[in-house]
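Have a look at the structure below before the remarks.
Bear in mind that the values here come from a model prediction, so they are computed numbers and not experimental data. Sequential numbering from 1 along the given sequence is applied to the chain's residues.
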Amino acid sequence: MKDLTRGKESSLIMRFALPMLIGNVFQQMYNIVDSIIVGNYLGKEALAAVGASFPIIFALISFVVGISTGASIIISQYFGAKKYETVKKASDTLMIFLFVTAIVISVIGIAFSEQIFRLIDMPAEVIPQATTYFNIYSTGYIFFFGYYGLSSILRGLGDSKTPLYFLIFATIINVILDYTFIVLFKWGIESVAIATIISQAAAFFALAFYLNKTHKIVKLKLKSLQFSKQLFIESCKLGLPSGLQNTFVALGIMALFSIVNSFGTSAAAAYSIASRIDSFASLPAMNFAAALSTFVGQNIGANKTERVRRGLIATIKITSLISIAVSVVAWLFGKELMQLFTNDAEVIELGRNYLVIVCSFYIVFSIMFAYTGVLRGAGETTIPMIITLFAMWFVRVPASYLFAGQIGIEGVWWAMPTGWIIGLVFNYMWYKSNRWKKKKVVKIAIEGEIKASA
């Protein structure tokens with residue numbers, strides 16, 4: 001557990017963000033390794049199948065991730081206020097919710113997978129492999145949600161290192177299994193999903209066992225879990241906007257995939273690869289923003305709002321420098337990065353163009369996320385949701401259709417930074433309004449101590 005209410009802001013945020021960043025780098029390695037092995041050993045059709053599955057997976061799990069975000073905000077603020085019993089009940093409530101929803105989402109995903117792939121105009125030759133991969137992957141949600149829930153709780157408590165260690169462990173298992181199943185055993189696309197499930201299950205059970213033996217607050221013992229209706233409602237109030245935001249963003253990504261798919265399998269494969277690289281490159285901005293959210297949550301919970309502005313400035317400086325460096329790498333080595341995944345010349349060229357266009361605006365993306373991090377950490381989650389949905393559905397998706405009709409597939413690439421610019425402008429305006437300072441959550445406890453924590 002880490003108290004972020006004392007000490008130099010930049011150092012605290014840096015030390016808290018780096019383990020999360022490294023952890024998410026390893027998390028992305030699941031996808032990167034899958035894509036490299038699939039692209040080189042199973043072909044571009046299989047690569048397109050795996051790539052097309054992820055926006056659908058994101059759409060199914062994004063609502064749950066949003067509720068987890070709300071619970072993490074509550075946990076961080078009550079931890080900052082030293083109300084540890086409430087922290088424990090909030091943690092239990094989150095885990096119960098995650099286990100139940102994992103089962104529901106698995107059933108829904110498997111039941112409607114083929115229809116969803118047809119809805120986004122997936123090329124016909126890709127659909128069988130995409131459905132096979134997706135259905136197998138969906139059976140492992142309970143392990144993913146379990147690990148994600150424990151990690152969210154620990155991050156709310158200021159501990160970003162412990163999830164990292166277990167994530168590294170899972171990633172190593174995943175890499176070994178991918179290589180063994182596909183390269184040595186010559187199995188098909190289903191083995192990629194099986195490897196991911198096994199590695200996620202290993203991470204979840206290992207982390208749960210470790211916490212049960214060592215942690216003072218976070219313990220996963222099914223018989224002693226307590227569900228607090230009031231805390232769940234408060235988590236939903238904070239997390240529902242983020243959940244809806246994530247869901248509609250995922251649906252927007254599916255709409256974009258539909259546009260890309262209309263240009264054929266090579267375009268779908270190029271988008272699959274380039275978006276993976278892009279997701280990898282955007283991790284610093286996203287993880288520093290997440291660290292800033294926890295920093296803001298704890299400091300607002302401790303009534304130290306003067307530290308929030310200093311934390312924001314420090315985060316913007318750090319992520320801007322990182323974004324410039326990442327952009328330069330993408331400009332210089334975009335082609336070589338694409339060649340790691342495939343030797344198809346058309347796919348490589350389409351993906352390189354994506355990276356050159358999109359990476360030029362990483363600094364805009366990082367600043368936008370920093371402002372969003374402050375708002376969410378303060379408990380102001382509705383406005384970022386509205387801004388993000390506006391940027392996606394009223395800017396990026398329409399711009400993609402318009403630009404693609406004018407200049408081809410590259411129009412979809414240009415639409416992405418267009419949405420970022422609009423998002424940054426509106427997030428900055430709301431931050432300057434100072435209305436987010438009134439969203440503090442901990443005052444609920446003062447008025448009734450969560451009604452005896454339900």
Run Asp278 and Tyr362 through side chain to side chain donor-acceptor pair (under 3.5 Å) and show every step you take.
CA-CA 9 Å; Asp278 176 45; Tyr362 280 154; 2.8 Å; yes

Could you walk me through whether Phe16 and Phe295 pass ring pair (Phe, Tyr, Trp, His ring centres under 6.0 Å), step by step?
CA-CA 9 Å; Phe16 186 62; Phe295 174 88; 9.5 Å; no

Show, in sequence, the C-alpha distance, side-chain angles and deciding distance for Ser400 and Trp414, and conclude whether the side chain to side chain donor-acceptor pair (under 3.5 Å) test is met.
CA-CA 8 Å; Ser400 294; Trp414 279 107; over 6 Å; no

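Partners of Glu45 under the salt bridge (charged side-chain N to carboxylate O under 4.0 Å, His left out) rule, at least two apart in sequence or in another chain, do not exist in this structure. Residues forming a ring pair (Phe, Tyr, Trp, His ring centres under 6.0 Å) with Phe333 (at least two apart in sequence, or on another chain): none. Contacts of Phe257 classified as ring pair (Phe, Tyr, Trp, His ring centres under 6.0 Å), with partners at least two apart in sequence or in another chain: Tyr271.
Atom CZ of Phe58 has more than 12 neighbouring heavy atoms from other residues, nucleotides or ligands inside a 6.0 Å radius.
Relative ring orientation between Phe79 and Tyr84 is described as tilted, the plane-to-plane angle lying within the 30° to 60° band.
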Side chains of residues 90-101: which donor-acceptor partners sit under 3.5 Å, not counting sequence neighbours?
from   : atom 1 : to     : atom 2 : distance (Å)
Ser91  : OG     : Val87  : O      : 2.9
Asp92  : OD2    : Lys88  : NZ     : 3.2
Asp92  : OD2    : Gln226 : N      : 3.3
Thr93  : OG1    : Lys89  : O      : 2.8
Thr93  : OG1    : Ser228 : N      : 2.9
Thr101 : OG1    : Phe97  : O      : 2.9
Thr101 : OG1    : Leu98  : O      : 3.2

What donor-acceptor contacts under 3.5 angstrom involve side-chain atoms of residues 311-319, with partners at least two apart or in another chain?
from   : atom 1 : to     : atom 2 : distance (Å)
Thr315 : OG1    : Gly311 : O      : 2.8
Thr319 : OG1    : Thr315 : O      : 2.8
Thr319 : OG1    : Ile316 : O      : 3.4

Side chains of residues 142-152: which donor-acceptor partners sit under 3.5 Å, not counting sequence neighbours?
from   : atom 1 : to     : atom 2 : distance (Å)
Tyr147 : OH     : Pro163 : O      : 2.6
Ser151 : OG     : Tyr147 : O      : 3.0
Ser152 : OG     : Tyr148 : O      : 2.9

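To the nearest 0.5 angstrom, Ile367 atom CD1 is 4.0 Å from Ser320 atom OG. Taken to the nearest 0.5 Å, the OG1 atom of Thr342 stands 7.0 Å off from the CG atom of Asn40. Distance CD1/Ile277 to CG/Leu337: 5.0 Å, rounded to 0.5 Å. Here Leu12 contributes atom CG and Thr294 contributes atom OG1; the two are 12.0 Å apart, rounded to the nearest 0.5 Å. Put simply, CZ on Arg276 and CG on Leu47 are 7.5 Å apart, with the number rounded to the nearest 0.5 Å. Atoms CD1 and CG, on Ile182 and Leu42 in that order, are 5.0 Å from each other to the nearest 0.5 Å.
With hydrogens and angles left out, the side-chain atoms of Ser293 and Arg376 include no donor and acceptor closer than 3.5 Å. Inspection of the Lys44 and Ser266 side chains reveals an N or O donor paired with an N or O acceptor under 3.5 Å.
In this structure the side chain of Tyr431 reaches within 4.5 angstrom of the side chain of Arg309, judged on heavy atoms.
Arg307 places a side-chain N or O within 3.5 Å of a backbone atom of Gly7 that can act as its donor or acceptor partner.
Not less than 6.0 angstrom separates the ring centroid of Trp420 from the ring centroid of Phe361. The aromatic ring centroids of Phe365 and Phe369 lie less than 6.0 Å from each other.
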